[in-house]
A.B. asks: 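Attaching a single structure in structure tokens format; questions to follow.
Labels below follow one simple rule: chain letters A, B, ... track the order of the sequence lines, proteins then strands, and each chain is numbered from 1.
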Amino acid sequence: MSFTIGLPCFMSARVATSLNPSQRAAVEHEHGPLLVLAGAGSGKTSVVTQRIARLIERGHPARSILAMTFTNKAAGEMFERVARLVGAQQGRDLTVSTFHRFGLTVLGKETRALGMRGTSFAIFDQADTSGVVREILRTVKTGKNYDIGAILARISAAKNAFLDADEWAKRERESRGLDDYDEIASIVYPKYQSALKSFQAFDFDDLICEVVRLWRKRKDVLDKWRQRYRFVIVDEYQDTNHAQLELTRLLVEEHKNVCVGGDDDQAIYAWRGADVRNILDFQEHFPGAKVIKLEHNYRSVGAVLDLANAVLQKQPGRRHKKTLMATRDKGPRVEVIVAADPDVEAAFAANEIQKALEEKGLRPRDCAILYRSNLQAQPLEAALKERQIPYRMIGGQQFFERKEVKDLLAYLRVVLDPEDEMALRRIVNYPARGIGEAALAKLTSYATAKDTTLWHVVSKPYLVNEFPAVAMDGCRQLLRITDGARQRLAKGEPSAQVLRYLAEEIKLKEDIIAGSTTTPAAQRRWNNIEGLFVLFSRRDEQGKGGGEDLIDYLRFLTLQRDDGDEEAEDKVTLTTMHGTKGLEYKLVFVVGLEEGLLPHARTLGDRATDIPLEGAHSLDEERRLFYVAVTRAKDKLYLCRSRVRLARGKMMPRTISRFLQDIPPDLYDEREVNAPEAPPLEKTVAGASALLAALSSAPTTGEAPLMMRRRR
DNA sequence: TGCTGCTCAGTTTTT
DNA sequence: CTGAGCAGCA
């Protein structure tokens with residue numbers, strides 16, 4: 001089982017120069033709707049970027065081109081690649097953005113047309129929206145303990161269908177009958193909407209839906225945007241939802257210059273509202289559409305591709321039939337690893353990576369370990385740490401969703417925009433300063449009665465009848481802190497400096513230490529805050545100012561997941577199968593191929609909380625997810641599973657994933673791994689000294705470093 | 001008001 | 001087993 005790096009692999013350095021006929025046809029396409037059906041690894045992204053470059057070459061101004069992607073990262077990458085082709089000068093005016101960010105831009109520019117008071121609005125992330133729903137449930141007094149996510153999912157579905165609560169409930173009742181969650185969701189939904197309105201806030205769905213509503217209502221506004229964008233490109237089209245289709249359709253209705261790229265076999269986001277029919281029915285939505293299929297795979301060796309095709313073999317009812325054709329040689333065989341337990345599984349992957357790094361000249365960045373659920377990451381992290389292999393984890397709890405980060409940023413928000421009520425509520429009694437539930441209720445009811453903002457009352461608490469002296473004092477403290485920060489900003493102090501001041505004033509460090517159970521945990525959380533300082537000082541260095549600029553930046557951060565902006569970082573990637581879409585690695589491990597994990601238990605048992613998906617079976621989506629994971633591998637693929645796994649704190653026996661079972665055995669070699677292979681530390685001097693370095697840089701608190709903790 | 005300790009639940013994916 | 005949410009108490 002050896003695989004060579006270097007020889008045939010660089011076929012995959014493809015693109016730019018040589019295009020096959022289909023690719024060329026797609027790149028040269030100029031006017032009218034175009035669907036590029038691109039199988040995994042068929043060079044879709046490079047075709048799309050080259051087409052954009054070609055449009056610019058043809059004399060279409062870059063500023064008239066809008067490309068929409070799924071993630072910020074994909075957007076950044078596409079922008080870079082186009083800029084490389086046409087030059088930074090030419091590419092500068094190009095718009096490459098996620099749907100959500102584009103929506104944010106439009107809403108930000110159209111606050112007047114939207115009829116909003118003022119120009120400021122907030123964006124609510126999941127934590128915020130969950131909080132809103134929780135509050136509403138309290139007032140509704142159901143007595144039951146509802147899953148908030150399930151309610152939000154239904155609200156989201158209704159929003160994206162542009163239906164109000166009654167219309168949605170009616171439609172669902174007719175199509176499938178209502179369950180408990182549908183009932184409660186239809187009660188919560190209108191209240192949720194008015195809550196958002198009173199906060200002057202948009203949730204993620206609104207960023208798309210409100211644009212569509214506005215455009216439908218205001219032809220003059222729509223015309224403005226239509227004139228601006230003469231060419232629209234959408235990547236990963238299989239993952240768009242109904243509202244995104246509507247947005248696209250409105251924008252291109254006149255000129256019809258819409259080019260979408262995608263692959264229905266890689267549709268894995270139905271659970272969050274993506275509708276694969278968008279890509280299946282593209283030709284009905286955009287009559288006269290040209291369809292180009294890209295079926296040559298330039299990424300993977302034949303062995304990987306054969307297996308990938310076998311995975312899809314079992315997929316019923318594929319509409320756009322594609323067969324991926326190999327362009328590379330067979331390569332090393334795919335290996336299936338049956339590990340005794342998850343630690344063995346992790347040790348195996350880490351050992352193989354280490355071997356590949358030392359013996360085959362691979363770089364860490366060429367390797368990835370993919371799993372279904374973030375819970376699986378822990379043993380993998382530990383195994384890599386033990387061997388001093390650098391890695392980065394994508395996903396998990398997002399940086400900007402961490403409590404300490406949100407707390408500090410909420411202060412900055414309030415400083416910049418005192419009417420940001422969500423932020424104000426968050427910090428009004430943090431750190432505790434005597435403004436508890438009762439005091440807050442007094443403040444808000446006074447604000448409601450006098451039709452003024454919460455901030456106004458907080459800054460003049462003496463107006464409130466029988467307001468407790470302690471709470472009054474608390475308000476004064478809060479004012480002192482925010483005023484201090486505001487003055488610093490006004491004086492032109494860098495934003496990072498102001499953040500430091502705020503952290504200092506609220507004794508954030510002390511609070512983190514007091515609120516953490518272990519020293520390393522406290523360290524990690526404080527590191528997050530330090531990370532914020534670094535982030536903002538980097539922004540300061542770019543000469544960005546305070547005020548509006550900073551408000552925009554904070555909004556932008558809400559939509560930004562941290563991919564670790566160190567794109568060039570040479571590290572092994574640990575990520576979920578979802579998080580890996582669009583990426584590729586020479587060496588790939590897919591771990592946890594067991595029933596209950598893939599397919600995930602939640603997609604099997606039909607739980608009351610899940611929305612029944614129409615036309616899409618979640619089991620099929622799980623299979624496609626497996627397909628996506630497998631097709632990430634360029635040279636060598638390992639499929640791993642464990643015989644036992646921790647569930648609810650107990651070791652439970654596991655059964656093989658049905659998807660793995662479905663693959664003809666002649667497409668892979670199977671191997672059992674039992675003893676946890678010890679990390680070969682003593683093997684190399686480099687390894688030993690790296691360990692020493694790691695130990696000496698461990699926290700000197702007397703606490704054991706985190707990595708030493710898990711051992712059974 | 002705010003803390004502590006209890007219970008309970010719940011285990012996916014993310015703009 | 002862990003974390004979050006909640007009730008009851010100081």
Side-chain angles (χ1 to χ4, degrees), chain A residues 68-75 97-104 123-127 129-131 134 137-138 145-150 152-153 156 160 202-208 236 239-241 243-244 267-274 370-378 394-398 400-401 403 429-441 468 470-471 474 514-515 517 521 556-563 575-581 592 596-605 607 609-610 618 621-622 624-625 628-629 645-651 710:
Chain A
M68 284 192 282
T69 60
F70 201 57
T71 63
N72 290 301
K73 189 171 165 201
S97 154
T98 63
F99 268 100
H100 294 270
R101 216 157 77 173
F102 178 69
L104 173 61
I123 300 173
F124 278 11
D125 63 15
Q126 295 95 310
T129 54
S130 304
R134 189 170 298 121
L137 285 177
R138 249 196 274 277
N145 209 6
Y146 287 104
D147 176 342
I148 288 169
L152 277 168
S156 172
N160 280 303
F202 294 119
D203 64 17
F204 284 145
D205 292 319
D206 289 335
L207 295 179
I208 318 281
E236 306 286 10
D239 292 324
T240 51
N241 64 24
Q244 289 162 335
I268 53 175
Y269 283 105
W271 55 271
R272 72 172 214 208
L370 313 179
Y371 38 83
R372 177 63 226 265
S373 144
N374 279 310
L375 293 164
Q376 293 168 257
Q378 279 155 22
I394 307 180
Q397 196 183 18
Q398 295 304 309
F400 296 105
E401 286 165 17
K403 182 188 176 305
N429 199 35
Y430 175 84
R433 49 170 83 89
I435 310 171
E437 229 173 291
L440 183 60
V470 257
T517 44
F556 161 77
L557 287 186
T558 313
L559 294 184
Q560 180 85 340
R561 43 173 287 182
D562 65 308
D563 313 296
T575 186
T576 63
M577 300 187 197
H578 283 89
T580 192
K581 197 173 60 164
L597 222 39
L598 190 81
H600 196 276
R602 244 185 120 164
T603 62
L604 295 173
R607 298 193 26 143
T609 55
D610 288 330
S618 39
E621 182 154 302
E622 295 285 298
R624 289 193 294 268
L625 186 56
V628 168
R645 196 173 290 274
L646 222 47
R648 292 191 307 269
K650 275 258 165 288
M651 271 301 178
R710 47 163 301 110

A.B. asks: May I ask you to test the A:Q244-A:H100 pair for a side-chain heavy-atom distance under 4.5 Å?
C.D. replies: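 Touching, per the 4.5 Å side-chain cut-off.
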A.B. asks: Rounded off to whole Å, could you give me the CH2-to-C1' distance for the A:W271 and B:dT14 pair?
C.D. replies: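 So the two atoms are 5 Å apart, to the nearest Å.
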A.B. asks: With sugar-phosphate meaning primed atoms plus P, OP1 and OP2, does A:N429 contact a base, only sugar-phosphate, or nothing at under 4.0 Å between heavy atoms?
C.D. replies: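 Result for A:N429 = sugar-phosphate.
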A.B. asks: I want to check one thing: is the phosphate of B:dT15, taken as OP1 and OP2, less than 4.0 Å away from some side-chain N or O of A:N241?
C.D. replies: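 No, outside the criterion.
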A.B. asks: How would you label the contact of A:L375 with the nucleic acid (heavy atoms, under 4.0 Å): base, sugar-phosphate, or nothing?
C.D. replies: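 Contact class for A:L375: sugar-phosphate only.
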A.B. asks: For A:E236 and B:dT14, give me the distance from atom CD to atom P, rounded to whole Å.
C.D. replies: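 Roughly 14 Å, once rounded to whole Å.
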A.B. asks: Distance-only, no hydrogens or angles: does the A:E236 side chain make a donor-acceptor pair with backbone N or O of A:T69 under 3.5 Å?
C.D. replies: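 Checked: no pair found.
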A.B. asks: B:dT14 phosphate, OP1 or OP2: any side-chain N/O from A:T71 under 4.0 angstrom?
C.D. replies: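 Result: no.
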A.B. asks: Tell me whether the OP1 or OP2 atom of B:dT13 has a side-chain N or O from A:N374 closer than 4.0 Å.
C.D. replies: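 For B:dT13, OP1/OP2 do have a side-chain N/O of A:N374 under 4.0 Å.
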A.B. asks: Of the candidate nucleotides B:dT14, B:dT15, B:dT1, which contains the atom at the shortest distance from the side chain of A:A439?
C.D. replies: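 Of B:dT14, B:dT15, B:dT1, B:dT1 is nearest to the side chain of A:A439.
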A.B. asks: State whether A:R134 places a side-chain N or O below 4.0 Å from either non-bridging phosphate oxygen (OP1 or OP2) of C:dG5.
C.D. replies: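 For C:dG5, OP1 or OP2 has a side-chain N or O of A:R134 closer than 4.0 Å.
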A.B. asks: Send over the distance from A:I148 CD1 to B:dG10 C1', rounded to a whole Å.
C.D. replies: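 Value for this atom pair: 14 Å.
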A.B. asks: Distance check needed: B:dT15 P versus A:H100 NE2, whole Å only.
C.D. replies: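 Spelled out: NE2 on A:H100 to P on B:dT15 is 9 Å.
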A.B. asks: Over how many whole Å does the gap from A:L137 atom CG to C:dG5 atom P extend?
C.D. replies: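 Those two atoms, CG and P, are 13 Å apart.
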A.B. asks: In this structure, how many angstroms lie between the P atom of B:dT15 and the CG atom of A:L152, rounded?
C.D. replies: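 Taking atom P of B:dT15 as the reference, CG of A:L152 is at 17 Å.
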A.B. asks: Is there a stack between A:Y269 and B:dT13, judged by ring centres under 5.5 Å and planes under 30°?
C.D. replies: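 No; centroid distance or tilt outside limits.
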A.B. asks: Could you tell me the separation between the CZ atom of A:R272 and the P atom of B:dT14, rounded to a whole number of Å?
C.D. replies: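 Distance, rounded to whole Å: 8 Å.
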A.B. asks: Choosing from B:dT13, B:dT15, B:dG2, which nucleotide comes nearest the side chain of A:A432?
C.D. replies: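 Nearest listed nucleotide: B:dG2.
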A.B. asks: Using heavy-atom distances to pick each residue's nearest nucleotide on DNA chain B, tell me which of A:H578 and A:I435 is more 5'.
C.D. replies: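 This one resolves to A:I435.
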A.B. asks: Figure out the CG/P separation between A:D203 and B:dT14, and round it to whole Å.
C.D. replies: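 Computing the A:D203:CG to B:dT14:P distance gives 19 Å.
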A.B. asks: Find out whether A:V628 and A:M577 are in side-chain contact, i.e. whether some heavy atom of one side chain is under 4.5 Å from a heavy atom of the other.
C.D. replies: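 A side-chain contact is absent here, since even the closest heavy-atom pair is not under 4.5 Å.
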A.B. asks: Taking the side chain as every heavy atom from C-beta outward, state whether A:L104 and A:I123 have any pair of such atoms under 4.5 Å apart.
C.D. replies: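 Touching, per the 4.5 Å side-chain cut-off.
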A.B. asks: With heavy atoms under 4.0 Å as the rule, sort A:A471 into base, sugar-phosphate or nothing.
C.D. replies: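 Nothing, no heavy atom under 4.0 Å.
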A.B. asks: Compare all side-chain heavy atoms of A:M651 with those of A:L646 and state whether any distance is below 4.5 angstrom.
C.D. replies: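 Yes, side chains in contact.
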